[in-house]
Protein chains: 4
Amino acid sequence: MDLQTLQTELRQFAIDRRWPPFHTPKNLAMALMVEAAELAEVFQWMTPEESVVASLDPATKERIGDEVADVLLYLVQLADHTGIDIEEAVARKRDKNTRKYPKPG
Amino acid sequence: MDLQTLQTELRQFAIDRRWPPFHTPKNLAMALMVEAAELAEVFQWMTPEESVVASLDPATKERIGDEVADVLLYLVQLADHTGIDIEEAVARKRDKNTRKYPKPG
Amino acid sequence: MDLQTLQTELRQFAIDRRWPPFHTPKNLAMALMVEAAELAEVFQWMTPEESVVASLDPATKERIGDEVADVLLYLVQLADHTGIDIEEAVARKRDKNTRKYPKPG
Amino acid sequence: MDLQTLQTELRQFAIDRRWPPFHTPKNLAMALMVEAAELAEVFQWMTPEESVVASLDPATKERIGDEVADVLLYLVQLADHTGIDIEEAVARKRDKNTRKYPKPG
């Protein structure tokens with residue numbers, strides 16, 4: 001999956017539906033959070049152990065997949081609208097994480 | 001960015017730090033939601049118009065980039081732990097969206 | 001509304017339905033966040049101005065009211081399960097806020 | 001704690017700080033969700049069992065109390081700005097819950 005191609009296609013998808021006025025970074029961030037909550041809701045009442053095997057159930061797995069996709073779709077659109085290069089941001093954040101959490105000796 | 005390579009590297013990163021017991025799907029979904037909220041917090045008191053230009057400020061842009069990366073990092077780990085093929089899930093969800101929101105004539 | 005009476009009644013409601021094993025503070029905090037997201041979802045694509053008048057529509061107002069209630073119901077249960085005295089916590093937090101944001105002269 | 005008195009005092013607190021333009025229902029709902037996420041963050045990596053005893057630690061208990069208060073403070077302000085009578089909304093939602101989840105025989 002090429003994220004830049006995805007961004008271009010989602011931008012066109014939004015333009016075709018006259019959604020751009022709604023797609024401010026603020027609204028996209030809010031929608032992303034709502035989708036993240038829908039993803040969390042799947043696991044809400046499960047024990048940790050149940051959550052580990054939840055995706056063995058095909059219906060649950062499809063639901064998780066749909067919510068994972070929703071989060072990603074809003075994330076790449078938000079990055080597009082704020083000029084964030086996702087790969088660069090991920091590389092920089094991973095560097096920070098490596099320094100913050102050094103590998104134990 | 002190859003998502004599968006990223007997943008493999010993040011899995012090793014977690015193993016090296018003895019995090020796997022904490023990385024249940026439930027906990028990863030919760031952490032993802034918390035990061036999504038931190039991303040939304042950036043835009044919380046902005047007007048829609050201010051959110052559009054927020055990333056012109058370098059410090060704000062770095063903060064947005066960091067939070068975007070955090071969301072993506074938890075998302076790919078959650079997908080890894082639930083056996084979700086992200087590309088497939090995104091393709092299926094985009095098909096659903098195309099049917100749900102047909103292009104106006 | 002007496003919050004302590006409400007807590008006692010909700011505890012009994014949960015016991016009658018055999019929910020206590022699910023009502024850990026962690027799960028209640030997660031459920032609270034999910035309800036807060038459902039409340040935010042109401043306003044997600046609105047302009048600020050539209051959100052100001054949203055509750056003039058009776059159906060929207062009922063939806064907001066239901067979500068406000070859901071958030072409060074989980075909040076008082078979480079407080080109950082963590083031994084938090086809500087009134088005391090609110091008083092202390094308001095004191096902190098008064099010091100953090102002094103009234104402009 | 002009288003919720004209506006609290007609402008009146010918070011309204012004055014906001015006016016004194018010139019916050020009303022920021023306190024649209026949309027922004028308050030977003031702030032509420034962010035605070036709910038901060039509350040969930042406390043329990044994020046805990047096991048269910050650890051979350052049950054988390055508030056035995058005084059520092060953790062203070063943190064939980066502060067976040068519980070933050071959620072409540074935004075909730076009553078959101079209710080104030082949308083004309084929601086919280087007590088009425090809670091009573092109606094509890095009726096719905098009683099019908100939705102009847103007491104097992």
Side-chain angles (χ1 to χ4, degrees), chain C residues 1 3 6 9-10 13 16-18 24-27 29-30 32-33 35-37 39-44 46-52 54-56 61-62 64-66 68-73 75 78-79 81-94 96-98 101 103-104, chain D residues 1 3 6 9-10 13 16-18 24-27 29-30 32-33 35-37 39-44 46-52 54-56 61-62 64-66 68-73 75 78-79 81-94 96-98 101 103-104:
Chain C
M1 183 167 51
L3 293 180
L6 180 59
E9 292 176 3
L10 292 175
F13 189 87
D16 290 342
R17 282 146 193 84
R18 298 183 187 158
T24 61
K26 179 168 178 153
N27 284 1
M30 207 167 168
L32 169 64
M33 187 162 45
E35 294 301 336
L39 181 51
E41 196 182 4
V42 177
F43 303 104
Q44 171 166 245
M46 292 182 190
T47 63
E49 294 74 22
E50 286 166 346
S51 82
V52 169
S55 60
L56 294 179
K61 188 171 181 179
E62 178 166 346
I64 297 169
D66 277 0
V68 163
D70 277 334
V71 169
L72 189 75
L73 291 171
L75 191 70
L78 176 58
H81 285 262
T82 51
I84 301 293
D85 180 318
I86 296 181
E87 302 210 19
E88 200 181 287
V90 165
R92 194 184 60 219
K93 196 59 184 19
R94 290 179 70 197
K96 286 188 189 180
N97 285 346
T98 303
Y101 306 105
K103 188 173 163 174
Chain D
M1 181 168 50
L3 292 181
L6 180 58
E9 291 175 5
L10 291 175
F13 190 87
D16 289 342
R17 281 146 193 85
R18 300 184 187 156
T24 61
K26 178 167 178 153
N27 284 1
M30 206 166 170
L32 169 64
M33 188 162 45
E35 294 301 336
L39 181 51
E41 195 182 6
V42 176
F43 304 102
Q44 170 166 250
M46 293 182 192
T47 63
E49 295 75 21
E50 286 167 345
S51 83
V52 169
S55 61
L56 294 178
K61 188 170 182 180
E62 178 167 346
I64 298 169
D66 277 359
V68 163
D70 276 335
V71 170
L72 188 75
L73 291 171
L75 192 69
L78 176 57
H81 284 262
T82 52
I84 302 292
D85 180 318
I86 296 181
E87 303 209 20
E88 198 181 288
V90 165
R92 194 183 62 216
K93 197 59 186 17
R94 290 179 70 197
K96 286 188 188 180
N97 285 346
T98 303
Y101 307 107
K103 189 173 163 176

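These numbers come from the heavy atoms of this one structure, side chains and all, not from hydrogens, waters or symmetry mates. Here is how names work: the chains are called A, B, and so on, in the same order as the sequence lines, proteins then strands, and each is numbered from 1.
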Taking every non-hydrogen atom, the tightest pair across D:M33 and C:A37: SD-CA, 3.2 Å

Is it the side chain or the backbone of D:E50 that comes within 4.5 Å of chain C heavy atoms, both, or neither? neither

If one checks every heavy atom of D:R17 against chain C at 4.5 Å, the contacting part turns out to be both

Per-residue tally against chain D (heavy atom, under 4.5 Å) across C:L3, C:N97, C:D70 peaks at C:D70

Check each atom of D:L78 against the heavy atoms of chain C and say whether the ones under 4.5 Å are side chain, backbone, both or neither. side chain

Mind ranking C:M46, C:M30, C:E88 by heavy-atom pairs under 4.5 Å with chain D and telling me who comes out on top? C:M46

Using modelled atom types only, decide if a donor and an acceptor are shared between the side chain of D:R94 and the backbone of C:L73 within a distance under 3.5 Å. no

Looking only at heavy atoms and a cut-off of under 4.5 Å, which of C:V52, C:L32, C:L75, C:V68 has the most pairs with chain D? C:L75

Contact summary for D:F13 and C:Y101, nearest pair of heavy atoms: CZ-O, 4.2 Å

Between atom CE of D:M1 and atom CD1 of C:I86, what is the distance when rounded to the nearest 0.5 Å? 6.0 Å

Tightest non-hydrogen contact, residues D:E62 and C:R92, listed as O-NH2, 3.2 Å

Considering all heavy atoms of both residues, which atom of C:A89 and which atom of D:A69 are nearest to each other, and what is their separation? O-CB, 3.5 Å

Does C:K93 come within less than 4.0 Å of D:E35, counting only side-chain N to carboxylate O? no

Minimum-distance pair of heavy atoms, taken over all atoms of C:D16 and D:P104: O-CD, 3.2 Å

Which of the residues C:T82, C:L39, C:I64, C:L10 is involved in the greatest number of heavy-atom pairs with chain D at under 4.5 angstrom? C:T82

Taking every heavy-atom pair that is under 4.5 Å apart, which of C:P25, C:G65, C:G83 has the most such pairs with chain D? C:P25

Contacting moiety of C:D85, where chain D heavy atoms sit under 4.5 Å: neither

Considering all heavy atoms of both residues, which atom of D:K26 and which atom of C:Q44 are nearest to each other, and what is their separation? NZ-O, 3.1 Å

Which of the residues C:L72, C:T24, C:I84, C:D66 is involved in the greatest number of heavy-atom pairs with chain D at under 4.5 angstrom? C:D66

